[in-house]
Amino acid sequence: MEVARELLGRLLLRRTPEGLAALRLTEVEAYLGVEDAACHTFGGRRTERTATMWGEAGHAYVYLIYGMHHCLNVVTVGDGHPEAVLVRGGVAVAGEELMLRRRGGRRRSLADGPGKLCQALAITRDDDGADLCTPESGLWIVDDGLRVAEGEVLRTPRVGVDYAGEAAAWPLRFVWSRYAGGR
DNA sequence: TCTAGGATCGGCT
DNA sequence: GCCGATCCTAGAT
């Protein structure tokens, strides 16, 4: 929850042969590991897919959903505690034209959803395990000093986890209110 | 080996 | 607001 809150306003950068692109994060969700029924590692599940969630904090956990979209997560705790933050949305601060091309010219919904965000940044399963703390990975997060005021942080239940029982109601979705609206 | 279903998106009504 | 696309993953057999 702490990392989710702190990621709002941070920059997610992406370097590929096509060029540099950057998003300022506006929407994230916390997934609290083995005790969270909405989390892929609920109940201690440990599979090939979720292997990176069980690994070192600060790395990317990328998975495919609905057979066609990718979702990017930031692995948090580490040390046997497989928790993560799902990156759900951001606004362009660099490389907007490049991201537009990848998104098929959809300027109004460039990266306001986890699948769209991955498409805009060309993130796939190949990026699973990437070290998000160094530019050398080509996918990394930086703090440029900007801070999102506490009064601008909106908290709601997470999206699409109705099946998760009690956990479905936990207010683990963090949204930068000035960018709320797009889902 | 089989099967059900999913941390979504976009087009259509 | 509804619904189909599309295929991997995980659990059951």
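Chain letters run A, B, ... following the sequence lines, proteins first and then strands; every chain starts at 1.
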Given atom [atom1] of [X] and atom [atom2] of [N], what is their separation to the nearest angstrom?
X        : N      : atom1 : atom2 : value
A/His40  : C/dT9  : NE2   : C1'   : 9 Å
A/Leu110 : B/dT8  : CG    : P     : 18 Å
A/Asp112 : B/dC9  : CG    : C1'   : 10 Å
A/Glu83  : B/dA7  : CD    : P     : 18 Å
A/Phe42  : C/dA10 : CZ    : C1'   : 15 Å
A/Arg88  : B/dT8  : CZ    : C1'   : 9 Å
A/Asn73  : B/dT8  : CG    : P     : 11 Å
A/Leu86  : B/dT8  : CG    : P     : 8 Å

OP1, OP2 of [N] versus side-chain N and O of [X]: anything below 4.0 Å?
X        : N      : value
A/Thr47  : C/dA10 : yes
A/Tyr163 : B/dA7  : yes
A/Arg45  : C/dT9  : no
A/Arg103 : B/dG10 : yes

Check whether A/Arg103 reaches the backbone of A/Leu110 with its side chain - one donor and one acceptor, N or O, closer than 3.5 Å. yes
Would you mind telling me which of B/dT8, C/dG11, B/dG11 lies closest to the side-chain atoms of A/Arg106? B/dG11
Could you check whether A/Tyr31 and the base of B/dA7 form a stacked pair, meaning centres closer than 5.5 Å and planes differing by less than 30°? yes
Supply the atom-to-atom distance A/Leu7 CG to A/Leu12 CG, rounded to the nearest 0.5 angstrom.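 Rounded to the nearest 0.5 Å, the CG-CG separation comes to 9.0 Å.
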Are there over 12 heavy-atom neighbours, none belonging to A/Asp79, within less than 6.0 Å of that residue's CG?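 No, CG of A/Asp79 has 12 or fewer neighbouring heavy atoms, counting only those of other groups under 6.0 Å.
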Look at all strands and tell whether [X] reaches a base, only sugar-phosphate, or nothing, counting heavy atoms closer than 4.0 Å.
X        : result
A/Arg125 : sugar-phosphate
A/Arg49  : sugar-phosphate
A/Leu64  : sugar-phosphate

Measure from NZ or CZ of A/Arg24 to the centre of the six-membered ring of A/Tyr179, then state whether that distance is under 6.0 Å and the direction lies within 45° of the axis. no
Do the numbers put A/Arg5 on top of the ring of A/Phe174, so that NZ or CZ is under 6.0 Å from the six-membered ring centre and no more than 45° off the axis?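 No, A/Arg5 does not sit over the ring of A/Phe174.
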Would you say the base of C/dA5 and the side-chain of A/Tyr66 have a donor-acceptor pair closer than 3.5 Å?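 Answer no: no donor N or O sits under 3.5 Å from an acceptor.
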Co-members of the apolar cluster containing A/Trp54 [side chain, <4.5 Å]: A/Val34
Paired and unpaired positions of DNA chain B as dot-bracket, Watson-Crick or G-U wobble under 3.5 Å, | denoting a partner strand: ||||||.|||||.
Taking the six-membered ring where the residue is Trp, are the ring centres of A/His70 and A/Tyr63 under 6.0 Å apart?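 So the answer is no for these two rings.
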Between B/dA7 and C/dG1, how far is it from one P atom to the other, in whole Å? 22 Å
Only one of A/Ile123, A/Asp128, A/Asp127 passes side chain to side chain contact (heavy atoms under 4.5 Å, CB included) with A/Arg125; say which it is. A/Asp128
